[in-house]
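Here is the structure we will look at, set down as structure tokens.
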Amino acid sequence: MDKNKQKSIIESILFAMGEPVSANEIAQSLNLEPGKIKNVLDEIAEESEKENRGILIKRMNSKYQMCTNPDNYEYIHGLLYEKNKGNLSQAALETLAIVAYKQPVTRVEIESLRGVKSSSSIQTLIDRTLIREAGKLDAPGKPILYETTLEFLKYADIGSLKELPAFEEFVEGIQEKIN
Amino acid sequence: MDKNKQKSIIESILFAMGEPVSANEIAQSLNLEPGKIKNVLDEIAEESEKENRGILIKRMNSKYQMCTNPDNYEYIHGLLYEKNKGNLSQAALETLAIVAYKQPVTRVEIESLRGVKSSSSIQTLIDRTLIREAGKLDAPGKPILYETTLEFLKYADIGSLKELPAFEEFVEGIQEKIN
Amino acid sequence: MNYEVELEEFQGPFDLLLHLVNKHEIDIFDIPISSITRQYLEYLDRIKQKDLELTSEFILVASKLIEIKSKMLLPVEEDQNGDEIDPREELAQRLYEYKIFKEISSFMKSKEEVYLRTCFKDPEYVEIKQEIETEIDLDELLKALRNVLATADLLKEDDFKVHKIQKETVRIEDKVIEIQRVLEMRNEVLFQELFEGCKSATIVITTFLALLQLIKNNIISYKQHKNFENIIISRCEG
């Protein structure tokens with residue numbers, strides 16, 4: 001595998017993961033030595049910084065994460081802020097739907113249903129007080145559980161989760177398929 | 001603002017927004033003409049494709065969205081989730097083919113072309129947001145019309161419906177096979 | 001002949017017909033109607049033997065084939081312009097159109113692989129410093145959920161079919177007896193006479209299945225005289 005292909009794959013991984021990823025994890029996925037991957041990662045990070053690209057790579061200890069170039073902050077922030085202030089994005093709506101129907105539910109469950117890293121959508125929903133933490137699952141790593149809030153019922157204009165016939169019908173039809 | 005700076009900002013915006021963003025929105029944020037932004041966007045899209053980068057840009061009508069390079073899927077897949085996005089069934093594929101080329105089209109038309117009931121295939125395609133309702137036909141019974149969505153453009157890997165191969169190409173393809 | 005193809009594979013009667021046409025490398029517009037009809041009916045019979053659901057669409061095309069077959073025996077009709085009318089024309093045209101869309105569906109399938117191998121990401125989180133009242137449209141919420149589940153391959157089409165439980169008004173066994181009774185009183189009966197007075201599609205289907213069963217068991221036979229449009233049903237000799 002030539003270096004350009006390696007770079008391309010690393011870019012894809014960092015983009016899709018969104019969160020910090022270690023050189024080890026990437027190395028495993030490419031079946032290459034971690035030291036080699038570290039070099040390539042550092043090279044990409046340097047290049048994008050030198051070229052003043054819109055997406056940079058942040059290094060924290062041995063982990064790497066993609067982020068936007070802080071120089072562009074003023075242009076992104078306005079757009080992102082306006083979008084987030086308005087109605088829920090499709091991503092947030094999907095996440096909310098899963099929490100509503102599967103609660104209490106962990107982030108990993110949400111992400112495996114959506115197939116997309118969902119921590120930013122979860123955070124957005126928490127900010128809007130539509131979902132909240134509901135203790136921890138008694139499992140390795142003690143992952144946080146999420147559930148909907150009273151505000152969710154208020155904003156959805158329903159008295160209780162059980163009040164909705166559509167909701168119930170849906171749950172009946174789908175519950176066993178999710179489990 | 002030089003072009004490199006424009007490119008950098010656009011990259012940042014597309015990364016941060018995640019979902020499809022229109023050239024207009026970006027143009028507003030940069031206080032530049034939409035036409036100019038469209039050109040820069042197309043340039044970035046072309047470059048990243050030509051260089052086989054890890055992050056590509058998908059164009060759907062006048063909207064743009066960042067995504068991973070499908071060639072790298074096998075390397076990302078293991079790191080994300082063991083979720084396999086479902087393939088469409090043969091029935092759903094036939095229905096999608098008809099909606100794509102006959103839109104706007106009614107259920108009855110779809111069924112007469114396929115020779116079988118197609119309501120569950122239509123529902124599957126609506127659930128996957130590949131098709132949607134597009135008003136009602138002005139005819140007795142006011143049947144619902146269906147059309148393809150932005151997601152369909154993503155699915156077909158095209159920028160607009162005009163990029164679909166002409167219907168005649170398939171007709172010719174069949175004729176060649178017959179002769 | 002060995003029919004190895006499983007019947008469940010077919011998307012409908014056109015799919016089955018197209019399969020038969022392709023198998024024998026026949027021109028869609030020049031189908032040898034009697035042999036194709038025979039093979040088509042043999043397939044239907046196999047479905048029945050396997051106790052699979054035989055949908056009304058398959059039956060509808062079966063009767064269409066039989067109708068065409070009988071029309072082929074009649075003197076050739078001409079249209080207003082004096083051109084000969086081919087009784088197969090309409091069905092051939094529909095098959096041809098179906099074939100084109102089937103071709104397009106394999107094109108769609110080829111696109112799917114790229115689509116399923118592309119990953120997107122969620123919008124980045126940005127802290128909103130003011131309190132926002134979020135209106136939630138429950139329809140939208142449901143749609144979002146259906147989307148998640150449909151893409152996650154958890155919803156298969158069939159799971160969402162509404163299964164109407166219909167009271168069976170006529171059973172095949174009853175129809176078998178009824179047809180035999182008719183044939184006890186008369187030596188021959190016209191094919192369509194058996195369908196007269198059928199009030200619903202279910203009864204038509206049941207009658208047709210009963211006929212198939214009787215033919216298969218060599219209890220009745222069917223024939224067409226050259227100059228007759230109709231199929232004549234009669235008891236087998238001996």
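Sequence lines set the chain letters: A, B, ... in the order given, protein chains first and strands last, and positions in each chain run from 1. From a predicted model like this one, the values you see are computed outputs, not experimental measurements.
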Legend entry - Proximity breakdown for B:Thr95 and chain C, heavy-atom pairs closer than 4.5 Å: neither
Legend entry - Value rounded to 0.5 Å, distance of CD1 in C:Ile100 from CZ in B:Phe167: 4.5 Å
Legend entry - Most chain B-contacting option - heavy-atom pairs closer than 4.5 Å, from C:Glu113, C:Glu124, C:Glu112, C:Lys143: C:Glu112
Legend entry - Heavy atoms from other residues, nucleotides or ligands near CD of B:Glu163 exceed 12 (cutoff 6.0 Å): yes
Inset, instruction - Take atom CG of B:Asn31 as the centre, draw a 6.0 Å sphere, and report whether it contains more than 12 heavy atoms from other residues, nucleotides or ligands. - result: no
Inset, instruction - Answer yes or no: is there a side-chain heavy-atom contact under 4.5 Å between B:Val116 and C:Pro13? - result: yes
Inset, instruction - Quick one: which residue pairs count as a salt bridge (Lys or Arg N to Asp or Glu O under 4.0 Å) with a foot in residues 135-146 of chain B, not counting sequence neighbours? - result: B:Asp138-B:Lys142
Inset, instruction - Tell me, yes or no, whether the heavy-atom count around C:Glu135 atom CD, taken from other residues, nucleotides or ligands under 6.0 Å, exceeds 12. - result: no
Legend entry - Side chains of C:Tyr96 and B:Val171 in contact at under 4.5 Å (non-hydrogen atoms): yes
Inset, instruction - May I ask you to test the B:Gln123-C:Arg146 pair for a side-chain heavy-atom distance under 4.5 Å? - result: yes
Legend entry - C:Glu127 CD: over 12 foreign heavy atoms closer than 6.0 Å: yes
Legend entry - Non-hydrogen side-chain atoms of C:Cys119 and B:His77 separated by less than 4.5 Å: no
Legend entry - Main-chain N/O of B:Asp127 paired with C:Asn147 side-chain donor or acceptor, under 3.5 Å: yes
Inset, instruction - Count the heavy atoms belonging to other residues, nucleotides or ligands that lie under 6.0 Å from NZ of B:Lys117, then report whether that count exceeds 12. - result: no
Legend entry - Which portion of B:Leu164 sits near chain C, non-hydrogen atoms under 4.5 angstrom: side chain
Inset, instruction - Would you give the length of the straight line joining atom CZ of C:Arg117 to atom CG of B:Asn69, rounded to the nearest 0.5 angstrom? - result: 10.0 Å
Legend entry - Option among C:Glu97, C:Lys102, C:Gln11 that satisfies the side-chain contact (heavy atoms from CB on, under 4.5 Å) test with B:Arg114: C:Gln11
Legend entry - For the student: nearest non-hydrogen atoms of C:Ala150 and B:Arg128, plus distance: CB-CG, 3.6 Å
Legend entry - From C:Phe120 atom CZ to B:Lys58 atom NZ, the distance as rounded to the nearest 0.5 Å: 5.5 Å
Legend entry - When B:Lys102, B:Glu111, B:Gln65, B:Glu94 are compared by non-hydrogen pairs under 4.5 Å with chain C, the top option: B:Glu94
Inset, instruction - To the nearest 0.5 angstrom, please state how far the CE atom of C:Met108 sits from the CD atom of B:Gln90. - result: 12.0 Å
Legend entry - Cation over ring face, B:Lys154 and C:Tyr115, 6.0 Å, 45°: no
Legend entry - Heavy-atom neighbours of B:Glu47 CD exceed 12 at 6.0 Å: yes
Inset, instruction - Nearest 0.5 Å please: distance from the NZ atom of C:Lys99 over to the CD1 atom of B:Ile174. - result: 5.5 Å
Legend entry - Which portion of C:Asp122 sits near chain B, non-hydrogen atoms under 4.5 angstrom: backbone
Legend entry - C:Phe107 CZ to B:Leu93 CG distance, which is reported to the nearest 0.5 Å: 12.0 Å
